[in-house]
Amino acid sequence: MSAHHIGIQHPRVPSELLCQESFKTLSRLHLISEFKPWLEYTREYVRRRVNSPFLLLWDCICFGAPLNTLLQLLGSPTPRYLSVSADEFDFNVSIAQREQLFSNFIQRVQTLESQGRLSYGEVLRVDDFTSGINAGYLRILKTINRILFALQTEHPGIFSLPHGSAARRSSLIEQLVIAERSHNSKLIQTADSAAKLYEDPEAAHPSLEGFIVNCSRLVPYHEHVLKALSQVDVIENWQHIFAFHNKVFFTRMNSAYRSICANYLTFENFLNRQNSRAREDAKIILRNLSEIISRFSDYSSHLQAILDVSSPTEHESYDGLCIMSLESATISDSLVEVGRELRTMWCFNNLRPRLGSQTLLDEDALGNILHDDCMLVDPASGQHYSVFLFEKMLICCTDHRRSDSIDLGHVRYPVKPWEIGPALAEQYPLVIMLSIPTDSLKLLHCIDTAIFEISWGSKSECSIIFYPIIHRQYTQWTTLLEPFVSRVSHSTSVPRYLEDSDGVSVYSGVSLLPTEDEIFGIKSVIARPWSLIGRKGNRSESSSMIGVETSDKASILSPNLLPTLFVNDLPRSPLHLSFVPEDGIPSLHHLTESPTEYEPAEGGHLLNNGYADSISFPDLTQHIVKEGYYPIAHGGFSDVWKATWTKKDGTMQVAVKVIRNTINEGAAKEKLVQRLHQELSIWKGLLHPHILELCGTVTGYGPYVSMVCPWLKNGSLTKYLERCGDILTVGDRLRLISEIASGLNYLHSRPVVHGDLTGSNVLIDDDLHARLCDFGLSTLIMEECQDDNVSVQSVYTSHLGGSVRWADAYLFRAFDENAVPVIGTSSDIYSFGSVMLEVLSGRMPYHYLRTDAQVVIQLHQGIKPRRPSASFVDDAQWDLIQMCWKELPEERPTSSQVLKISKDLFERWIQSEAR
């Protein structure tokens, strides 16, 4: 159970200083043998999505009891009723018990200060442990460091290192110098080859030009590192060695690596297409390119190894080594993230034509791709699968190749996050045989350190065995799968099916242990804390193992089917999406005549009365140039490209929203195009300071006309709160809420139903004001499915899949009662309450639930999100949220009432501050 599950939340947006101080403190605590068990148990009991030193230390401290160990070492005995060892401690300790431990720790620190055994420092309060504020956590760290300094003074041997650490440390530094010299040589060789290739007029390409520019930044940086490392015996200043003190130099290097990683697939494709004259130079670049990007991953593991054998008392540069170890890991993680995101985009573009038109791929339901490979599943016959591991699904496919044509000799394992693996590199058509949700994986059984079996299902009744061809393939797969399973077992007995009829082994593996530099991006894989499982049953060959017929047109890869997981019988008729606002407001597709800004319309006029046709929006196709080779964001039904709009008075950065092809049938597709133009006409007629404006349209980006909007660098409300939550005052939050209410009231007065109001669909402009976007477009696609008798359930559930935490609970209750969900203005009001909760607390609704599936269960049971503490949401604010969440839609306030109350709350806060 993690700390935030029981009411204690870590700082949401830790500063760079706070992360550094956390890492320096954690590194020292790891060297104290009496404290180390607490860290190990915390890592076991608190499962985090990322392996963050900052979060590990926070989780450990927030159990309270580990702090007793430090004070006991300093000579302050723990009261008997609070004394407990790590292996006896109940990690499900309540918040009240933790506060008791915090209070006792503070009292004992004050006693040690008064006795002169501990230097004085800032006064701690229990709130510093529970409030989740940066300043409070920093005070805790400073106090712990004062204790560590006192321990270091009284007990010089408090930090225990392995035997032979000094020799090991010298050897590691020498290896680092040798590795840096080799990297420099490869980098210069690669830059020279790129320059030669550029001289060929037929080889002109933007990715080549960009690579040459980036090399011109990397070469001098690594020359500096090599020169500084060569002098490490004279001065061991790690921040100077890696030029961390020179922010411009360091940032320029970091940007160059990110640029090379972001353009890796495009550049690799360009190099592979070079003719014979330029082929040799292209080969040199291809051979070195991925290793160049991996350099900071190598730094991270190497510096951490040096840190593990360094003593804070013997090396003055210890803190600098900590900072650079953390910084190199951060850069490595960012490259992994960039590479994985871009490879995932490439993956879906590659897989769709290979799987055929009847298999639907939903990116949100699958998540990022972690690895793809060709895996042997039957050594006797040579049968193999093309295997794709996504964050949420493991997919096994067959293809049309002969078994003797599978050659992995050219593959360099481990396959890096930015590289295309053996399965994606091919173009053969694929047929899905198994599709296994990663959250159903139970057991990873490693056999003879060369073969592995995975089991899944509620009782592990299904399983499959893989036979890696080379050991590094085995290493990468077992490392990637381990975080998803609840149990890993090992066996050295070779099963009978590893031998052919003559008793001759058809497979053998070399027993090697994985090293840290073989693992890329494992930190970002979600760890699943499931309970232990029983033994597997018999293996089944059919797809019925997973309860899905592969012949079904809406295959197991259809959009997120959350409601179908918990409802036995959904309505058989197509989902009814009649947008019926309250108070007799006309439907979404009606627009009032000649709307004026801020004023609601008196009467409604249909589109065919001519108003929509009178609104024209410019075609900007010839004036818009996209930036980069991939979209920069994805939604449930669209992609967003960043682009530049060249106007008469200059240039402007814009976002181009591209609707994906969700309907394949000709007549339905044509009708959708017509309806899209009507919706764009409505959008173009909207003018309000808190509504994102439509600049125009472009063609050629997707199957339909695409929308051009201003580019807002601050991004969505959700992301903005994650970045800046600690610096936002209550007034800032109430202002944003009233602005959202104002935009929503304007939409309803037009009348337009938003239909998908979430933190992600509220943008923050350059002046830090809220703007609503994406209104009506998601529901447009659903309605067209209904109108043309296309299966709408999958589209509807896909739409709610990413927004289920903000969605109207009544819609899910309607499914239970076989009623027809009606999305109207009341649904927007419910979602407004959820957005208001997110703004005030800084956390999304149901943040304490790990998956959307768990949220759906709560919605079916009528359980609303929990109320945060009064310091985040006071009674008046919570009353408004509760009004918006009324069970019956007709009991909820209108948007005008919500706007009035929101403004009153904001003005009341201003008046209280003035007093």
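On a predicted model such as this, the values are computed, not experimentally measured, just so you know. These values consider heavy atoms only, across backbone and side chains, with no hydrogens, waters or symmetry-generated copies.
One finds the CD atom of E419 at 8.0 Å from the CD1 atom of I293 (value rounded to the nearest 0.5 Å). Here the straight-line distance linking atom CG of L57 with atom OG of S22 works out to 5.5 Å at 0.5 Å rounding. With rounding to the nearest 0.5 Å, the separation of OG in S165 from CG in L172 is 10.0 Å. Of the inter-residue distances, the one linking C446 atom SG with I454 atom CD1 reads 11.0 Å to the nearest 0.5 angstrom. Note that the SG atom of C322 and the CD atom of Q239 stand 10.0 Å from one another [nearest 0.5 Å]. Atoms OG1 and CG, from T438 and L481 in turn, are 10.0 Å apart once rounded to the nearest 0.5 Å.
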Stepwise, does the salt bridge (Lys or Arg N to Asp or Glu O under 4.0 Å) test hold for E236 with R169?
CA-CA 13 Å; E236 193 179 289; R169 192 175 191 276; 2.5 Å; yes
Residues R340, E337; criterion salt bridge (Lys or Arg N to Asp or Glu O under 4.0 Å); working and verdict
CA-CA 5 Å; R340 184 167 289 157; E337 183 180 0; over 6 Å; no
Start with the C-alpha gap between I464 and E453, add the side-chain angles, then the distance that decides, and say whether side-chain contact (heavy atoms from CB on, under 4.5 Å) holds.
CA-CA 6 Å; I464 186 172; E453 176 185 27; over 6 Å; no
Quick one, S290 with W418, criterion side-chain hydrogen bond (donor to acceptor under 3.5 Å, both in side chains). Give me CA distance, side-chain angles, the key distance, then yes/no.
CA-CA 8 Å; S290 195; W418 47 83; 2.9 Å; yes
Using ring pair (Phe, Tyr, Trp, His ring centres under 6.0 Å), reason through F348 and F390 one step at a time and then give a plain yes or no.
CA-CA 11 Å; F348 285 111; F390 294 88; 5.8 Å; yes
Set out, in order, the CA-CA distance, both residues' side-chain angles and the distance that settles side-chain contact (heavy atoms from CB on, under 4.5 Å) for N184 and V225, then state yes or no.
CA-CA 10 Å; N184 268 22; V225 172; over 6 Å; no
Audit row: L208, F270, side-chain contact (heavy atoms from CB on, under 4.5 Å) steps and yes/no
CA-CA 8 Å; L208 177 60; F270 158 74; 3.9 Å; yes
Please determine whether side-chain contact (heavy atoms from CB on, under 4.5 Å) holds for the pair I624 and V654, giving the CA-CA distance in whole Å, both sets of side-chain angles, and the decisive distance to 0.1 Å.
CA-CA 9 Å; I624 299 288; V654 292; 3.9 Å; yes
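Considering every non-hydrogen atom in both I420 and R343, the closest pair reads CD1-CG, 3.9 Å. Nearest heavy-atom pair, S334 versus R258, reported as atom, atom and distance to 0.1 Å: CB-NH1, 3.3 Å. T478 approaches T475 most closely through the heavy-atom pair OG1-O, 3.2 Å. Between D372 and A423, the closest heavy-atom pair is OD2-N, 3.0 Å.
Residue Q20 qualifies as enclosed at atom CD: its count of foreign heavy atoms under 6.0 Å is above 12. More than 12 heavy-atom neighbours from other residues, nucleotides or ligands sit within 6.0 angstrom of CD on E209. Within a 6.0 Å radius of OH in Y198, no more than 12 heavy atoms belonging to other residues, nucleotides or ligands are found. Within 6.0 Å of NZ in K713 there are 12 or fewer heavy atoms belonging to other residues, nucleotides or ligands. Remark: Q427 CD is packed, more than 12 non-hydrogen atoms of other residues, nucleotides or ligands lying under 6.0 Å away.
Under the side-chain contact (heavy atoms from CB on, under 4.5 Å) rule, F388 has a single partner from I432, L366, L430, which is L430. Test K227, R295, K186 against E180 for salt bridge (charged side-chain N to carboxylate O under 4.0 Å, His left out) and you get one pass: R295.
If you look at Y318 and H315, their ring centroids are not closer than 6.0 Å. For an aromatic pair to be called close, the ring centres must be under 6.0 Å apart, and F54 with F23 fails this. The ring of Y257 has its center closer than 6.0 angstrom to the ring center of F296. Within the 6.0 Å centre-distance limit, the rings of F242 and Y299 are counted as a close aromatic pair.
Looking at S294, its side chain never comes within 3.5 Å of a backbone N or O of S297 through a donor-acceptor pair. The main-chain N or O of A166 is found under 3.5 Å from a side-chain atom of S170 such that the two form a donor-acceptor pair. A distance-only check finds no donor-acceptor pair linking the side chain of R168 to the backbone of P162 [under 3.5 Å]. Not a single donor-acceptor pair under 3.5 Å links the side chain of N269 to the backbone N or O of L265. No side-chain donor-acceptor contact under 3.5 Å links N288 to the backbone of T190. Counting only distance, with no hydrogens or angles, the side chain of N246 and the backbone of F249 share a donor-acceptor pair below 3.5 Å. Although no hydrogens or angles enter the test, the distance criterion places a donor-acceptor pair under 3.5 Å between the side chain of R723 and the main chain of N714. Within the 3.5 Å criterion, the main-chain N or O of S255 finds no donor-acceptor partner in the side chain of S259. S15 places a side-chain N or O within 3.5 Å of a backbone atom of L18 that can act as its donor or acceptor partner. Of the possible donor and acceptor atoms, none in the side chain of T266 sits under 3.5 Å from a partner among the backbone N and O of N263.
Look at R217 and E223 and you find no salt bridge, because none of the NZ, NE, NH1 or NH2 atoms lies under 4.0 Å from a carboxylate O. A salt bridge is absent between K196 and E199; no separation between the charged side-chain nitrogens and carboxylate oxygens falls under 4.0 Å. Checked for salt-bridge contact, E291 and R412 meet the test: a charged N lies under 4.0 Å from a carboxylate O.
Looking at L31 and D308, their side chains never come closer than 4.5 Å, going by heavy atoms from C-beta outward. Looking at heavy atoms from C-beta onward, Y474 lies out of side-chain contact with Y467 at the 4.5 angstrom threshold. Here the side chains of I395 and L434 are not in contact, with every heavy-atom distance at 4.5 Å or above. At a threshold of 4.5 Å between non-hydrogen side-chain atoms, the residues D319 and R28 count as touching. Residues L303 and L326 form no side-chain contact, since every pair of their non-hydrogen atoms from C-beta on lies 4.5 Å or further apart. Using a 4.5 Å heavy-atom threshold, the side chains of H240 and M324 count as separate. Side-chain contact between I285 and F267 is present, with at least one heavy-atom pair separated by less than 4.5 Å. Contact of the D298 side chain with the H302 side chain is not registered, since no non-hydrogen atoms from C-beta on lie closer than 4.5 Å.
Classified by interplanar angle (parallel below 30°, tilted 30° to 60°, perpendicular above 60°), the ring pair H245/H224 is tilted. Classified by interplanar angle (parallel below 30°, tilted 30° to 60°, perpendicular above 60°), the ring pair F466/F452 is tilted.
Residues T344 and N368 have side chains that bring a donor and an acceptor to within less than 3.5 angstrom of each other. Using modelled atom types and a 3.5 Å distance limit, the side chains of R354 and N350 yield a donor-acceptor pair. Counting only N and O atoms by type, the side chains of E627 and T644 include a donor and acceptor under 3.5 Å apart. When only modelled atom types and interatomic distance are considered, Q175 and S171 share a side-chain donor-acceptor pair under 3.5 Å.
Seen from the ring of Y413, K416 does not count as a face-on cation partner, given the 6.0 Å and 45° thresholds.
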